[in-house]
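Side chains are part of it too, since the values below use all heavy atoms of this structure and drop only hydrogens, waters and symmetry mates.
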Amino acid sequence: QVQLVESGGGLVQPGGSLRLSCAASGITFSRCTMGWYRQAPGKQRDWVAAITTGGSENYADSVKGRFTISRDNAKNTVYLQMSSLKPEDTADYYCNAQFSSGGAFWGKGTLVNVSS
């Protein structure tokens with residue numbers, strides 16, 4: 001049974017920080033590129049960050065310098081550390097596992113609400 005379970009979302013004030021976690025099971029985690037996406041109401045799902053099996057990180061321009069993606073293969077977990085949060089960061093954040101074959105798995109999402 002493949003599962004990606006996000007956690008750590010919630011309400012945070014502008015300028016604040018939040019750390020999201022995604023725990024994976026049922027996959028060979030170390031062989032997957034992991035990523036984070038986000039989707040605001042009525043908007044498309046946008047890519048936020050990715051980390052390869054070798055630990056190389058990539059970020060969307062909108063979050064570069066503020067967000068950090070990391071992974072712990074021993075814990076089958078990928079993280080997204082978010083700092084200097086802005087109201088426009090408000091969205092449902094989704095964890096993604098991508099295989100070289102082109103297959104992908106999605107979590108159910110966790111809501112991040114940046115508001116004063």
Side-chain angles (χ1 to χ4, degrees):
Q1 184 178 7
V2 177
Q3 288 188 330
L4 298 177
V5 182
E6 302 95 337
S7 61
L11 177 64
V12 63
Q13 294 185 16
S17 299
L18 213 57
R19 188 199 194 201
L20 306 183
S21 299
C22 173
S25 61
I27 62 171
T28 306
F29 181 83
S30 62
R31 298 173 66 181
C32 297
T33 290
M34 302 300 298
W36 288 95
Y37 291 70
R38 65 187 183 185
Q39 186 172 22
K43 304 291 185 179
Q44 68 178 30
R45 186 172 297 185
D46 293 328
W47 171 73
V48 174
I51 184 166
T52 69
T53 57
S56 296
E57 306 160 35
N58 289 285
Y59 301 93
D61 288 342
S62 59
V63 306
K64 197 170 297 180
R66 300 187 298 120
F67 291 11
T68 301
I69 188 171
S70 61
R71 67 191 297 161
D72 187 338
N73 288 346
K75 295 182 178 180
N76 285 356
T77 301
V78 63
Y79 305 93
L80 186 68
Q81 177 65 51
M82 305 182 294
S83 300
S84 301
L85 284 163
K86 306 173 181 179
E88 48 263 47
D89 294 320
T90 296
D92 221 332
Y93 283 72
Y94 296 89
C95 178
N96 169 268
Q98 186 172 319
F99 300 91
S100 59
S101 64
F105 297 91
W106 295 91
K108 294 181 179 179
T110 184
L111 178 64
V112 173
N113 188 3
V114 185
S115 176
S116 58

Measuring from [X]:[atom1] to [Y]:[atom2], what's the distance to the nearest 0.5 Å?
| X | Y | atom1 | atom2 | result |
| --- | --- | --- | --- | --- |
| Asn76 | Cys22 | CG | SG | 10.0 Å |
| Phe29 | Asp72 | CZ | CG | 8.0 Å |
| Asp92 | Gln39 | CG | CD | 7.5 Å |
| Thr68 | Arg19 | OG1 | CZ | 11.0 Å |
| Asn96 | Thr33 | CG | OG1 | 9.0 Å |
| Asn73 | Thr28 | CG | OG1 | 11.0 Å |

Next item on the list: Can you run down the side chain to side chain donor-acceptor pair (under 3.5 Å) pairs that involve residues 52-61, sequence neighbours left out, and say none if there aren't any?
Entry: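 Counting only pairs at least two positions apart or across chains, the side chain to side chain donor-acceptor pair (under 3.5 Å) contacts touching residues 52-61 are Glu57-Tyr59, Asp61-Lys64.
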Taking every non-hydrogen atom, the tightest pair across [X] and [Y]:
| X | Y | answer |
| --- | --- | --- |
| Ile27 | Val2 | CG2-CG1, 3.7 Å |
| Ile69 | Gly35 | CD1-CA, 4.3 Å |
| Val112 | Leu20 | CG2-CD2, 4.0 Å |
| Pro14 | Ser115 | CD-C, 3.6 Å |

Checklist line | Pairs meeting criterion disulfide (SG to SG under 2.5 Å) with involvement of residues 46-81, two or more places apart | finding: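 For residues 46-81: none.
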Only distances under 3.5 Å count here; give the side-chain donor-acceptor pairs of residues 4-13 to other protein atoms, sequence neighbours excluded, each with its distance to 0.1 Å.
residue : atom : partner : partner atom : Å
Glu6    : OE1  : Lys108  : N            : 3.1
Glu6    : OE1  : Gly109  : N            : 2.9
Glu6    : OE2  : Cys95   : N            : 2.7
Glu6    : OE2  : Gly109  : N            : 3.3

Notebook entry, point to check: With hydrophobic residues grouped by side-chain heavy-atom distances under 4.5 Å, do Val63 and Tyr79 end up in a single group?
Noted result: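 Not linked; separate clusters.
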Item checked: Contact list for residues 22-51, test salt bridge (charged side-chain N to carboxylate O under 4.0 Å, His left out), sequence neighbours left out ->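 The answer is Arg38-Asp89.
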Next item on the list: Would you please classify the geometry between the Phe67 ring and the Tyr93 ring as parallel, tilted or perpendicular, with 30° and 60° separating the classes?
Entry: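 Tyr93 vs Phe67 ring planes: tilted.
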Notebook entry, point to check: Who else is in the cluster with Trp47 when I, L, V, M, F, W and Y are joined by side-chain contacts under 4.5 Å?
Noted result: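 Hydrophobic cluster check, Trp47: joined to Tyr37, Tyr94, Trp106.
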Next item on the list: For Gln81, enumerate each residue passing the side-chain hydrogen bond (donor to acceptor under 3.5 Å, both in side chains) test, keeping only those at least two apart in sequence or located in another chain.
Entry: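 side-chain hydrogen bond (donor to acceptor under 3.5 Å, both in side chains) check on Gln81 returns nothing, list empty.
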